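Any value given below was found using the heavy atoms of this structure, including those in side chains, with hydrogens, waters and symmetry copies removed. As the structure is a computational prediction, the values presented were derived from the model and not from experiment.
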Amino acid sequence: MPSVTTIAEIGKHEGQLVTIRGWLYNLRESGKLLFPIFRDGSGVIQGVVPKSAVPPEVFDAVKGLTQESSVIVEGKVRADKRAPGGHELDVSNVQVLQRVAENDPYPISLKEHGVDFLMEHRHLWVRTPRQAAILRVRAEIIKAARDFFDERGFTLTDPPILTPAACEGTTTLFPVDYFDEQAFLTQSGQLYIEATAMALGKVYSFGPTFRAEKSKTRRHLTEFWMVEPEIAYATLEDLMELAEGLITFVVKRCLERRRPDLQTIGRDVSKLEKIKTPFPRITYDEAVKLLQDAHAKGALENKFEWGGDLGSPDETYISSQFETPVMVHRYPAKVKAFYMEPDPQRPELALCVDVLAPEGYGEIIGGSQRTASYELLVKRIHEHNLPEEAFKWYLDLRKYGSVPHSGFGMGIERVVSWICSLEHVRETIPFPRMLHRLYP
Ligand code: 4AD
Ligand code: MG
């Protein structure tokens, strides 16, 4: 058998006989000439099978072959400028490992399908080139985020997933039976990496997090992956610089390494090429003004009142006003989590920042400076009706060498959604978990 290669690497074997192992993606037949399209997970390539040039059993194996049958193909690589990957394969041999039955064909044909049908067949849908490209971009974003922190002296520390208490509000917790105790799936690793930050200085976590709100928006998953840095002695200013550095690093990496995938997805990359630092920074007060002006002009239906949290339509409007992500800082403390440090100039505000992606994608990062004072933190825990007992260890961090410190969380799926310009976060993760989706 000629040497095995992948479709992605096939350009290195021009003029040579190679073997690829994959699946039949599509087949065009025109009399004595067959044009099978093969995919192997790394890409797709068109093969050419002329009846006159191959043994009859090879021609017969390909003729009428069903979509997604598994195949091992031998052929000679030929450069072809018109071909999508720049090459075609002159097929000389085909071994069919498993032929998909004619009477039970692959359910996802090349015609259009409804989203519900595709979600129900997500285990197969991931095979289509567009979905595979999105998953490659996702992997690149994750790698880039990890490289960014690894290269800057951060230590990866993994927080627990089973936790005894809430981090982001008690209304959105998934309860779990933990022997004789009540536990919850984590909403964020933050509280735990505040502890490791006091041990290691600069840390980050990367893991799955869970939110139980019954939200049906296109930005919400019940299970999503978050990368969270936490830094001892860092202020809100430091945090904003880190956030814009991370985002530009990730975007640049995708443009460098995932351009063909972005093309497959149909992403207008010129918009991503405009992403550079510094990002505009506006205060919550300024954001409110922007929203009220938009309402006065008729661009927004509801009049936004100072004091509320920004809703999806508000974020969409603000982020559509900028070509790069925009950082909105200093929200009213009332609409934010219990652990945020108040602004010393205006204690009704929290030293926090949300980063909103452009093109209407909304919040991709949320973070803050953390309350350093023991007394204030106890007060906030009570105000938020949280059980002080469960936070005893967290309060210890304010008793033994408390320092100003800050961190944020970046939702991987929101970033994938924006970088790939998707309509919904459900396509950003192999198996999305949503209000009405637990299968497959
Ligand atoms: O703004 P959030 O809730 O912040 C926290 O959890 C902080 N404890 C993070 C920290 O400071 N270490 O969530 C952070 C990010 C959001 O900006 C968003 O990108 C993403 O996580 N996110 C979601 N992504 C998908 N589905 C959901 N339901 C999400 N909720 C938050
Ligand atoms: Mg948030």
Pairing of [X] and [Y] as salt bridge, 4.0 angstrom limit:
X	Y	answer
K143	D147	yes
K379	E383	yes
R281	E244	yes
E230	R370	yes
E286	K289	no
R138	E413	yes
K392	E388	no
K399	D396	yes
R380	E375	no
E120	R437	yes
E223	R211	no

TODO: Assess whether side-chain contact (heavy atoms from CB on, under 4.5 Å) is satisfied between D158 and F206, documenting all intermediate values.
DONE: CA-CA 7 Å; D158 304 309; F206 175 64; over 6 Å; no

Is the backbone N or O of [Y] less than 3.5 Å from a side-chain atom of [X], with the two atoms forming a donor-acceptor pair by type?
X	Y	value
D293	L290	no
H424	R426	yes
H295	L300	yes
T264	P260	yes
R267	W418	yes
R414	R219	yes
T66	V100	yes
T19	P2	yes
S402	A372	yes
S215	T217	yes

Are there over 12 heavy-atom neighbours, none belonging to [X], within less than 6.0 Å of that residue's [atom1]?
X	atom1	value
E423	CD	no
F431	CZ	yes
D177	CG	no
E389	CD	no

With rounding to the nearest 0.5 angstrom, report the [atom1] to [atom2] distance, [X] to [Y].
X	Y	atom1	atom2	result
E241	T235	CD	OG1	9.0 Å
L356	S319	CG	OG	6.0 Å
S421	E359	OG	CD	6.5 Å
I265	L422	CD1	CG	7.0 Å
T186	L162	OG1	CG	9.5 Å
S205	F149	OG	CZ	9.5 Å

>> Do R152 and F148 form a cation-pi contact, if we require the NZ or CZ to be under 6.0 Å from the six-membered ring centre and within 45 degrees of the ring's axis?
In response: yes

So is R398 actually on top of Y394's ring, under 6.0 Å and inside 45° of the axis?
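Judged by the rule (NZ or CZ under 6.0 Å from the ring centre, within 45° of its axis), R398 counts as positioned above Y394.
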
[X] to [Y] - nearest heavy-atom pair and separation:
X	Y	value
T172	E168	OG1-O, 4.1 Å
G189	P159	CA-CG, 3.6 Å
V137	C420	CG1-SG, 3.7 Å
M119	P440	O-CD, 3.5 Å

Can you find a side-chain donor-acceptor pair between [X] and [Y] that sits under 3.5 Å?
X	Y	value
E228	Q190	no
T283	D285	no
H405	Q369	no
Y233	D238	no
Y331	D309	no

Got Y374 and L395 here, is their nearest side-chain heavy-atom distance under 4.5 Å? yes

Contact check, side chains of V4 and I20, non-hydrogen atoms, under 4.5 Å |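 No, side chains not in contact.
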
Pair F408, L246 - check side-chain contact (heavy atoms from CB on, under 4.5 Å), show working.
CA-CA 11 Å; F408 63 71; L246 170 64; 3.8 Å; yes

query = Mind checking whether H123 and Y439 have parallel, tilted or perpendicular rings, split at 30° and 60°?
reply =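 H123 vs Y439 ring planes: perpendicular.
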
Practice prompt. Please work out which of the three classes, parallel, tilted or perpendicular, describes the rings of Y284 and W306, given edges at 30° and 60°.
Written response: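 Geometry flag for Y284 against W306: perpendicular rings.
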
Result for side chain to side chain contact (heavy atoms under 4.5 Å, CB included) between L89 and one of V77, I37, D80, I7 points to V77

Only residue of R259, R257, R258, Q263 satisfying side-chain hydrogen bond (donor to acceptor under 3.5 Å, both in side chains) with D261 is R258

Point to revise | Worked check of side-chain contact (heavy atoms from CB on, under 4.5 Å) between T222 and F210 | key: CA-CA 5 Å; T222 49; F210 305 85; over 6 Å; no

Before giving the answer on salt bridge (charged side-chain N to carboxylate O under 4.0 Å, His left out), spell out for K271 and E323 the whole-Å C-alpha distance, their side-chain angles and the decisive distance to 0.1 Å.
CA-CA 8 Å; K271 294 216 167 90; E323 286 194 330; over 6 Å; no

* Decide yes or no on ring-ring contact (aromatic ring centres under 6.0 Å, His included) for W23 and Y106, but give the supporting numbers first. => CA-CA 12 Å; W23 297 264; Y106 186 67; over 10 Å; no

Quick check, are the ring centers of W125 and F117 under 6.0 angstrom apart?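 For W125 and F117, the ring centres are not under 6.0 Å apart.
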
Using the side-chain contact (heavy atoms from CB on, under 4.5 Å) rule, take I365 and D354 through it: C-alpha gap first, then chi angles, then the decisive distance, then the call. CA-CA 6 Å; I365 283 183; D354 278 4; over 6 Å; no

Exercise. For F391 and F338, run ring-ring contact (aromatic ring centres under 6.0 Å, His included): C-alpha distance rounded to whole Å, both residues' side-chain angles, the deciding distance at 0.1 Å, then the answer.
Key: CA-CA 12 Å; F391 292 93; F338 76 96; 5.4 Å; yes

